[in-house]
Amino acid sequence: ARGLCPSGWHVPTDGEWTAMTDFLGGEVVAGGQMKTTYGWNFGGSGTNSSGFSGLPGGYRISGGIFTDAGLFGGWWSSSPLESNAWFRVLSYSDEVVYRFDGSQLDGYFVRCVRDAE
């Protein structure tokens with residue numbers, strides 16, 4: 001609705017994120033398949049076997065400060081939770097896809113998904 005994605009594409013819902021992680025074997029192992037083979041600090045790169053190409057760009061906290069590049073990557077869903085929204089995080093330290101809700105004033109990445117035909 002905010003025009004973040006081009007026509008024919010959308011920001012994935014929380015359910016679509018869950019469907020992807022389930023397809024990749026569950027949230028405990030899916031992150032290793034979603035992380036790029038480079039760019040993650042402390043040897044935390046993944047295999048990128050899913051083709052997601054998740055990079056550790058960090059995030060922006062509500063005060064406008066950018067932090068944790070090289071350590072974490074986070075992506076919004078389009079699913080609200082009261083005044084917050086659901087998002088997913090990949091970490092340098094493991095293969096887990098973490099699910100959190102957070103302030104919509106924080107800054108995470110947006111991944112667009114093609115609409116179903």
Using the rule that two of Ile, Leu, Val, Met, Phe, Trp, Tyr join whenever any of their side-chain heavy atoms come within less than 4.5 Å, decide whether L81 and W76 are in one cluster.
no

Residues which pass side-chain hydrogen bond (donor to acceptor under 3.5 Å, both in side chains) with S53, listed by chain and number, not counting sequence neighbours:
N48

Between A85 and Q104, which heavy-atom pair has the shortest distance, and what is it?
CB-CG, 3.9 Å

Inter-residue atom distance C5.SG - R111.CZ, 0.5 Å rounding:
11.0 Å

Does any N or O in the side chain of S78 come within less than 3.5 Å of the main-chain N or O of V11, such that one atom is a donor and the other an acceptor?
yes

Hphob cluster co-occupancy, M20 + V113, side-chain heavy atoms under 4.5 angstrom:
no

Hey, does the side chain of T21 reach the backbone of A30 with a donor-acceptor pair shorter than 3.5 angstrom?
no

Would a single hydrophobic cluster contain both V97 and V28, if residues Ile, Leu, Val, Met, Phe, Trp and Tyr are joined by side-chain heavy-atom contacts under 4.5 Å?
no

With side chains defined as the heavy atoms from C-beta onward, is the minimum distance between E82 and D101 less than 4.5 Å?
no

How close do D94 and K35 get, counting heavy atoms only, and between which atoms?
O-NZ, 2.9 Å

Could you measure the distance from the CE atom of M34 to the OG atom of S50? Nearest 0.5 Å is fine.
6.0 Å

So ring pair (Phe, Tyr, Trp, His ring centres under 6.0 Å) across residues 21-68, not counting sequence neighbours, yields W17-F52, F42-Y92, F52-W75, Y59-Y108

Which atom names give the shortest non-hydrogen contact between A69 and N41, and what distance separates them?
O-ND2, 4.1 Å

Any heavy-atom pair between the side chains of S91 and F72 that's under 4.5 Å?
yes

When you measure from the side chain of R60 to the backbone N and O of L105, does any donor-acceptor pair fall under 3.5 Å?
yes

Any link between L71 and F109 through a network of hydrophobic side chains (Ile, Leu, Val, Met, Phe, Trp, Tyr) touching at under 4.5 Å?
yes

Between OG1 of T47 and CD of E95, what distance do you get to the nearest 0.5 Å?
7.5 Å

If I compare all heavy atoms of L4 with all of C112, which pair ends up nearest, and what's the gap?
O-SG, 4.0 Å

So how far is it from R99 CZ to T18 OG1, rounded to the nearest 0.5 Å?
5.5 Å

Correct closest heavy-atom pair for G39 and S45 would be N-OG, 4.1 Å

Distance check, rounded to the nearest 0.5 Å: Q33 atom CD versus L90 atom CG?
11.5 Å

